[in-house]
Structures are given as structure tokens and as C-alpha cells.
Protein chains: 2
Amino acid sequence: MIAEKKTTKSLILEATERLVAENGFESVSLRDITNDAQVNVAAVNYHFGSKEKLFEAIQCRYIDPVNEERLKMLEELTGEGRVATVREILEAFMRPFLTVVKGSEMSEKLFFKLMGRCVMDPQGGLPEDMVPGMKRVAETFTKALLTAAPNLTTELVLWRLHFTFGVMAQTLLHGELLYSLTDGACGDPDAEDQFQEMIGFCEAGFLAEKGAQK
Amino acid sequence: MIAEKKTTKSLILEATERLVAENGFESVSLRDITNDAQVNVAAVNYHFGSKEKLFEAIQCRYIDPVNEERLKMLEELTGEGRVATVREILEAFMRPFLTVVKGSEMSEKLFFKLMGRCVMDPQGGLPEDMVPGMKRVAETFTKALLTAAPNLTTELVLWRLHFTFGVMAQTLLHGELLYSLTDGACGDPDAEDQFQEMIGFCEAGFLAEKGAQK
DNA sequence: ACATGATTAAAGCACTTGCTTGAATAAATC
DNA sequence: GATTTATTCAAGCAAGTGCTTTAATCATGT
């Protein structure tokens with residue numbers, strides 16, 4: 001569990017998560033946060049040091065667990081000489097979003113949006129102390145994918161992982177946009193369905209030949 | 001050609017494009033713009049009415065031509081009963097970014113970032129008068145893709161188009177991030193190569209069976 | 001040369017920004 | 001109960017925000 005008691009600090013974190021998920025990092029002010037959390041303005045600087053550090057805390061709070069879960073799932077797939085499929089590896093890459101949100105108190109919709117913000121608008125780049133973790137994930141998954149699809153080159157895997165990131169971020173952030181843009185014609189699949197579609201799409205992309213001429 | 005004379009109005013537009021591409025809509029202030037453009041603050045409100053309308057102008061300035069070019073390319077592919085492949089349709093969807101940037105004075109890198117911003121952080125949603133155009137593109141391409149891949153359902157095509165958007169936005173916006181995160185291991189392919197990889201990835205995703213179980 | 005409308009410029013307005021201050025309060029330690 | 005220590009509060013500061021106002025400048029046609 002991540003949030004238990006309604007301390008001032010946790011009130012600030014929760015309000016920030018809500019506001020950032022809905023409006024993005026750049027549009028949320030200290031007053032927005034402290035009003036929403038029913039807390040004094042000075043409390044943010046007292047507990048977090050600065051607005052920027054508060055935002056870094058927000059970014060680490062769920063992404064770190066997601067990355068841990070990713071590595072754990074991957075280890076279970078590939079440890080002790082086991083061989084994993086591309087699909088299984090992609091699942092290890094994406095499913096942690098679903099499992100971590102279950103352990104939090106946030107609604108799925110809000111959590112996904114917040115994660116999308118972290119991936120797409122990381123306030124002034126990724127927080128410095130998240131970079132090693134992200135690199136580790138990228139490297140470990142790249143290696144696993146290269147083993148699972150030995151016909152691919154490292155560069156190709158990196159690019160396709162990058163594309164996969166895009167699919168994920170878009171789905172996390174803008175699930176609603178598609179709904180409104182198509183007047184609901186896209187249906188209203190639940191998170192697990194969307195998740196399977198995402199994986200299916202990216203799996204096929206990964207298994208394609210280079211350049212994939214028709 | 002889009003920009004010819006160094007009028008105050010065009011200076012403002014160019015400075016705004018540069019700053020927004022680099023920093024995102026939310027972080028750019030009127031003073032940032034007018035300092036960079038070497039014009040008076042009041043000029044923005046005189047020529048555009050408000051900051052918001054300036055941003056709308058920025059968003060329309062290249063996306064409208066991109067959407068026109070998309071429809072034109074698609075029409076050439078599917079007009080008069082011709083039958084197009086999924087790959088050709090996806091190319092009609094994406095290549096306009098490459099052709100429109102060639103006709104502008106902006107560098108590729110800046111243009112792609114700006115387009116990424118427009119897609120990912122559209123300042124307070126899409127400008128109202130762009131929505132019909134976007135809907136038209138979505139509908140036309142959905143229809144074409146359904147014809148090219150008759151085994152897919154409308155919902156599936158919409159979702160996969162959505163995923164394709166994500167791949168595109170991520171590549172436009174964060175090409176550099178991948179480079180730095182992998183210490184250059186992703187190589188440094190030119191725009192056309194990246195473009196072919198993007199299309200290959202999305203084509204394979206589109207051609208996958210629903211859910212794409214291994 | 002003059003008048004007309006379009007454009008630019010300097011100053012400022014009301015408001016918001018992140019952050020700090022110094023006093024008041026609550027909690028913990030002795 | 002007294003004394004630290006941790007936390008909360010109201011107030012305010014300097015800088016920045018979008019935008020307006022009023023006067024000056026420019027280009028134009030007569």
C-alpha cells in the first residue's frame with residue numbers, strides 16, 4: 001500500500017497526483033495544489049523543499065514500483081536459462097501498470113493519465129535519480145527481446161521498444177480522446193482488453209522483418 | 001511556401017514555433033515570445049487577439065496542410081475504385097509530415113517536435129475549428145483501412161489507428177530521448193529510415209489477428 | 001503638405017507565480 | 001511541567017503573468 005494516513009504530506013501528494021493527471025505538470029500551480037489539498041502553501045516547501053522536488057517525488061512514486069515489477073516479471077520469465085517469447089516479454093513490460101494501479105488507491109483512469117504525463121511531459125526531463133533505473137529496464141528488456149527474436153539487431157529492438165513506449169503513452173493518456181473523436185464508435189473496452197490489444201499490436205510490430213516491405 | 005517576409009506577425013509566429021517546439025505550449029510566455037522575436041509585447045494581442053488564439057494559429061499552420069496532404073494521397077490511392085494496401089494507407093497517413101516540412105523553412109527536428117507538441121499537449125484540447133478536419137481524416141482513413149483489411153472490425157481499426165498515433169507522436173517528440181537513454185546505441189538513422197521503420201512496425205500491428213495470440 | 005488608417009512602443013494594471021518569514025501551535029523528549 | 005523539536009499558519013515579497021491603454025510612428029492616398 002502506498003498511502004495510508006491523511007498526513008499533510010500525503011494530502012499534498014494525492015492532490016498533486018490528481019491535478020497533474022488531469023492538467024499536466026506545467027499547468028498546475030502551488031496554489032492549485034494547496035487549495036485542493038486544504039493545506040497551507042508553505043507546507044509544500046516545508047515537506048518537499050520545492051515544487052520541482054514535489055514533482056520528482058510524484059514521478060518516482062509509481063514509476064519506480066512499475067520498473068521493479070517489470071524486472072521481477074522478466075526475471076521470472078528468463079531466469080535460470082528459461083526462454084521467453086516476445087509476447088511474454090512485452091507483457092512483462094506493460095502489465096506492471098495494471099498490477100501497480102491495483103495496489104494504489106487511485107482510480108485506473110487517473111493513474112493511467114498520471115503515468116502518461118510522467119512518460120510524455122516529464123517536467124524538465126526525467127528526474128536525475130530515475131535515469132539509471134530507466135536505463136536498466138531498457139537494457140534488460142532489450143537483451144531479452146534480442147534473445148527472443150534473434151533475427152533483429154540491437155538498433156531495431158531499441159527503436160521498436162521506443163515505438164512500444166509511444167503506443168503505451170498514447171493509450172494511457174488519451175484513451176478518452178479516441179472515444180470522443182469517434183463518437184464512441186471505438187467501443188468501451190475495459191483495461192484488460194485494451195491491454196491485450198496493445199500487446200498484440202506491438203508484438204506484431206516486433207516480429208516484423210526490418211522495414212517490413214509488404 | 002509559408003513564411004516569406006519578416007513582418008512583425010511572421011516574426012511572432014516563427015519565435016513561437018521555435019519556443020513551443022523546444023519547451024511545450026504551457027511553458028512559453030508572451031514575454032518569452034516577444035523577446036525572442038524582438039517585438040513589442042502588445043504586438044501579439046494586436047495581431048492575434050490573445051495568446052490562446054496565437055497558439056491555435058500555430059497548431060493549424062502546419063497540421064491543416066498535413067491533413068490536406070493526407071487526404072490527397074489517400075484519394076490518389078483509393079479513388080475510382082482503386083484498391084490500396086494497408087502499408088500504402090499508413091504511408092499516406094504519415095508521409096505528409098515529411099513533405100510538409102520540406103515546404104517550410106523550419107528544420108526537420110524542430111518541425112517534428114512542434115508537431116509532436118500539437119498532437120500530445122494540444123493547449124486546452126484541439127482548437128475547435130480543427131476538430132472537423134481531424135474527424136474527417138480519422139473517418140476516411142478508417143474506411144480505407146477497413147477495405148484494405150476486411151478481416152478487421154471498425155473498433156479494432158480505430159484502436160490501431162490510435163496506437164499508430166502514439167508511435168508517431170513518440171517518434172516526433174522524443175527521437176532524441178532514445179538516443180541519450182541508450183548512449184547512442186540506437187544508431188542515428190535519418191528521417192526517411194525512421195519513417196520506414198515506423199510504417200513497418202504499424203503495418204505489422206494492423207495486419208495482426210485480433211488480440212494476436214502467439 | 002495633410003489627413004487617414006495601420007502599426008509599434010512604453011508604461012502600467014490587476015493578478016498569479018514560487019518561495020520565505022516569523023510567529024503560533026502541536027508533539028515529543030526530558 | 002518544562003524544553004526542545006516538528007509542524008502549521010497568515011502575511012508578504014520580488015518577479016512574472018496576460019492584457020490594456022495611450023501616445024507616438026509609419027505608410028498611404030489625396
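Atoms considered below: every heavy atom in the structure, side chains included; atoms not considered: hydrogens, waters and symmetry mates. Note that the structure is a prediction, hence the values are computed from the model and not measured. Chain naming here is simple, since letters A, B, ... match the order of the sequence lines and numbering starts at 1 in each.
A salt bridge is defined here as a Lys NZ or Arg NE, NH1 or NH2 lying under 4.0 Å from an Asp or Glu carboxylate O, and A:Glu192 with A:Arg95 meets this definition.
Among residues two or more places apart in sequence or in another chain, the side chain to side chain donor-acceptor pair (under 3.5 Å) test is passed with A:Thr99 by none. By the side-chain contact (heavy atoms from CB on, under 4.5 Å) test, B:Lys72 pairs with B:Glu69, B:Glu76, sequence neighbours left out. Every side-chain contact (heavy atoms from CB on, under 4.5 Å) that B:Ile89 has, sequence neighbours left out, goes to B:Leu74, B:Ala84, B:Phe141, B:Ala144, B:Leu145, B:Ala148. With sequence neighbours excluded, no residue forms a salt bridge (Lys or Arg N to Asp or Glu O under 4.0 Å) with A:Glu128. When the ring-ring contact (aromatic ring centres under 6.0 Å, His included) test is applied to A:Phe163, the partners found at least two apart in sequence or on another chain are B:Phe201. Remark: B:Ser27 pairs with A:Glu26 by the side chain to side chain donor-acceptor pair (under 3.5 Å) rule, at least two apart or across chains. Contacts of B:Lys109 classified as side-chain contact (heavy atoms from CB on, under 4.5 Å), with partners at least two apart in sequence or in another chain: B:Ser107, B:Glu176.
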Evaluate salt bridge (Lys or Arg N to Asp or Glu O under 4.0 Å) for B:Glu22 paired with B:Arg117, printing each intermediate quantity in order. CA-CA 9 Å; B:Glu22 275 159 9; B:Arg117 303 281 183 199; over 6 Å; no
How would you summarise protein contacts on nucleotides 15-20 of chain C per nucleotide, using B for base, S for sugar-phosphate only and - for none, with heavy-atom distances below 4.0 Å? --BBBB
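Taking the six-membered ring where the residue is Trp, the centroids of B:Phe111 and B:Tyr62 are separated by under 6.0 Å.
Sorted by first and then second residue, the pairs that involve residues 34-58 of chain A and meet side chain to side chain donor-acceptor pair (under 3.5 Å), not counting sequence neighbours, are A:Arg18-A:Asp36.
Contact annotation: the side chain of A:Ile58 approaches that of A:Leu114 to within less than 4.5 Å [non-hydrogen atoms, C-beta and beyond].
Within the 4.0 Å cut-off from OP1 or OP2 of C:dA6, not a single side-chain nitrogen or oxygen of B:His47 is found.
In summary, contact between chain A and DNA chain D, defined as any nucleotide atom under 4.0 Å from a heavy atom of the protein, begins and ends at D:dA6 to D:dG12 in the 5' to 3' direction.
Between the axis at the start and the axis at the end of the helix from C:dA1-D:dT30 to C:dC30-D:dG1 there is an angle of 10°, using five pairs per end and rounding to 10 degrees.
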Look for any protein N or O under 3.5 Å of an N or O in nucleotides 25-28 of chain C and output each such pair with its distance, or none.
none

